[in-house]
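Below is one structure, written out as C-alpha cells; the observations come after it.
Along the sequence shown, residues carry numbers from 1. FYI, side chains are in, hydrogens and waters are out, and symmetry mates aren't considered; it's all heavy atoms of this structure. Just so we're clear, the structure is a prediction, and the values are computed from it rather than from any experiment.
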Amino acid sequence: MCTTDRKVSPIGKSTLFTVPVLGALLRALGAVPVRRRQDYHDQVQNNSAAIDAMASILVRGDGLCIFPEGISHDAPEIHDLKTGFARAAMSAANTLTKDASSHQVIDEEHIVAILPVGLNYMDKDRFRSSVFVEYGAPLWITAKDVKEASVSEDAEHTIIKRITAQLRQRMDVVTLTAPSWDELRVLYLAQELYLSSGAHTPEPEHKGKQSRPAARDVAAMAHRFLEVYKNLKNDPEIASLFRDVNEYRSQLDLMHLRDSNISTLSVSRAVLVFKLVRSVIGLALLFPVSLPGLIVHGPLGILCHYLAGWMSKNQDHPEIKDKDQLAHFKIMSAMVLAPILYILIGIAVGFTSGARYIFPTLVTIFISGWIAISYRPFTTVANALSVAAKLMLIDIKTLKSRRRMLQQRVVHAVQKHASKSQ
C-alpha cells in the first residue's frame, strides 16, 4: 500500500468494524467490510453490497488490498482462495467496458489488474519476524473475459473460478510455502550458508559497490531451494543434510545467535568478555533513560492486555475471540488510553510544578518509552549474558568448524542437484 501513488482501500471482515475505535478507523480509511461465513455460525452470507463497493473503487481508478484466503492464520502454506476478489474485478471490468464513453480509452487486454503479492515471513509464528515482500506478474481481466462471462451465469462462474485458479498459481510463485515452519527455517539457513560461501555470485543491488545480493535474486534462489527440497526430501543425502542443518539451527537458537554471528565470531575469549562488558555498560546507560518510560507505559500495557482478555470473555463481544482480534483490540486500547494517560500526567505536572514543565515532561516520557520499547534493555542484556555464558562453555573453534563443514555440504548438494532443477 506504501508502494503506489493511488489510494488503496483495505478489505476486512465485518466483525472488525464492530470493535470500538478500530471500526471508526477502518471506515475513515475507506475499508470495505465483508461478511464471512465462519463469523456467523457458518451460515452463508450475502456480500453483494461489498462486491459492488469494491467494484466501484476499482472503476474510479483506486486500488484494493485483499487477502484472498479470507482468513488469518500462521500456517506456512497458502489456504484455498475465496472468489470475492475475482467477482469484484469482473464487475468493475464489466462496468468499464459498458461505460467506456465516459472514461479514458479502454485497453481491451488490460482492463483490471490483479497484482499478486507474497508476504514471506522468516518466522511468522514469532513476534516481529523478518519478512520480505515479493511482487508477481499482474493478472489482467480482459474484454474477452467480460464477453464470455456475459453469456450466462454458469459461464460467469466458470470465468471467476478460472481467474481464482490463475491467481493461486501466481501466489504460489511469490510465496514460499512448506509443510512446517521448521522446514522453512532450515531452508532459509541452508540458503544463507550457501550465499555466504562465495559459490554464488549474483548481481549486486548497486553496481560497482560491494553489497548484498539483490533482493530479487535472493527471493528467486529461495524458491529454487524450496522446489528442489520438495522433490528430493526423501533422498538420504538431503535428509541427512536437513537434520544436521536443523541441529545447527537449534544450537544457534539456544544461544540467541544468527549464522552470520558465527562466521565473524572471534575465537578470543577476551573479545567475548569485552562484548559482555560493553553490554553491561549499555544497560547502565539505557536503564536510567528508559526507566520513566517503563514506569509510565508498563502499567498501560498490562491494562490493555487484561482489557483484551476481559473482552474476549465478555458475551456481549463474541467477535473478539482470535489472537488477531485481541492484537487489534490491544492496539486500539493503547491508542485511546495513551492520550488520556498523557493528559492526566500533564494536568498533574501543571498543578504540582507549573505549566512550563508540562511539555518537557511529556516529551521526556515519550522518548523514554520509545527507548524502552525499541532497545528493550532488559531483554538485550539477558540475551547477552546468556550468549556469553554459553559461549564461554563451548568450543568456538568446533562450532566454526561445524559451520564450515555444513557450508561445504550445502554447496556440494546445490551443485550436484542444480542441473536437475533446471
So which atom in [X] and which in [Y] form the shortest heavy-atom distance, rounded to 0.1 Å?
X      : Y      : answer
Thr164 : Ala86  : OG1-CB, 3.9 Å
Ile238 : Ala413 : CD1-CB, 4.3 Å
Gly63  : Ile57  : O-CG2, 3.6 Å
Leu337 : Cys304 : CD1-SG, 4.1 Å
Arg170 : Pro116 : CB-CG, 3.9 Å
Met90  : Ala149 : CE-CB, 3.5 Å

Can you tell me if [X] uses its side chain to pair, donor with acceptor, with the backbone of [Y] under 3.5 Å?
X      : Y      : answer
Ser368 : Gly293 : yes
Asn47  : Ala50  : no
Asp145 : Thr142 : yes
Thr175 : Asp172 : no
Ser91  : Arg87  : no
Arg27  : Phe17  : yes
Ser197 : Tyr194 : yes

Student check: side-chain heavy atoms of [X] and [Y] closer than 4.5 Å:
X      : Y      : result
Leu226 : Glu183 : no
Val59  : Leu96  : yes
Leu399 : Gln251 : yes
Leu119 : Val133 : yes
Leu167 : Ile163 : no
Glu69  : Leu81  : yes

Roughly how far, to the nearest 0.5 Å, is the [atom2] atom of [Y] from the [atom1] atom of [X]?
X      : Y      : atom1 : atom2 : answer
Arg162 : Ile159 : CZ    : CD1   : 4.0 Å
Leu341 : Leu362 : CG    : CG    : 9.5 Å
Ile347 : Ile358 : CD1   : CD1   : 8.5 Å
Leu294 : Ile371 : CG    : CD1   : 10.5 Å
Met171 : Arg168 : CE    : CZ    : 8.5 Å
Ile11  : Ile66  : CD1   : CD1   : 5.0 Å

Next on the checklist: Could you tell me if Arg249 and Asn246 have a donor-acceptor pair between their side chains, going purely by distance under 3.5 Å?
Outcome noted: yes
Item to check | Working for side chain to side chain contact (heavy atoms under 4.5 Å, CB included), residues Tyr248 and Asp244 | outcome: CA-CA 6 Å; Tyr248 174 60; Asp244 291 343; over 6 Å; no
Checklist entry - When the ring planes of His110 and Trp140 are compared, do they come out parallel, tilted or perpendicular, using 30° and 60° as the limits? => result perpendicular
Checklist entry - Parallel, tilted or perpendicular: which describes the rings of Phe366 and Tyr342, with under 30° parallel and over 60° perpendicular? => result perpendicular
Item to check | Residues Ile365, Thr361; criterion side chain to side chain contact (heavy atoms under 4.5 Å, CB included); working and verdict | outcome: CA-CA 6 Å; Ile365 291 174; Thr361 300; 4.0 Å; yes
Item to check | Partner of Arg403 by side chain to side chain contact (heavy atoms under 4.5 Å, CB included), out of Leu193, Thr398, Leu252 | outcome: Leu193
Checklist entry - Around Lys161, counting heavy atoms of other residues, nucleotides and ligands shown, do more than 12 lie under 6.0 Å from its NZ? => result no
Item to check | Intermediate values then yes/no, side chain to side chain contact (heavy atoms under 4.5 Å, CB included), Phe85 and Met54 | outcome: CA-CA 8 Å; Phe85 76 92; Met54 287 188 277; over 6 Å; no
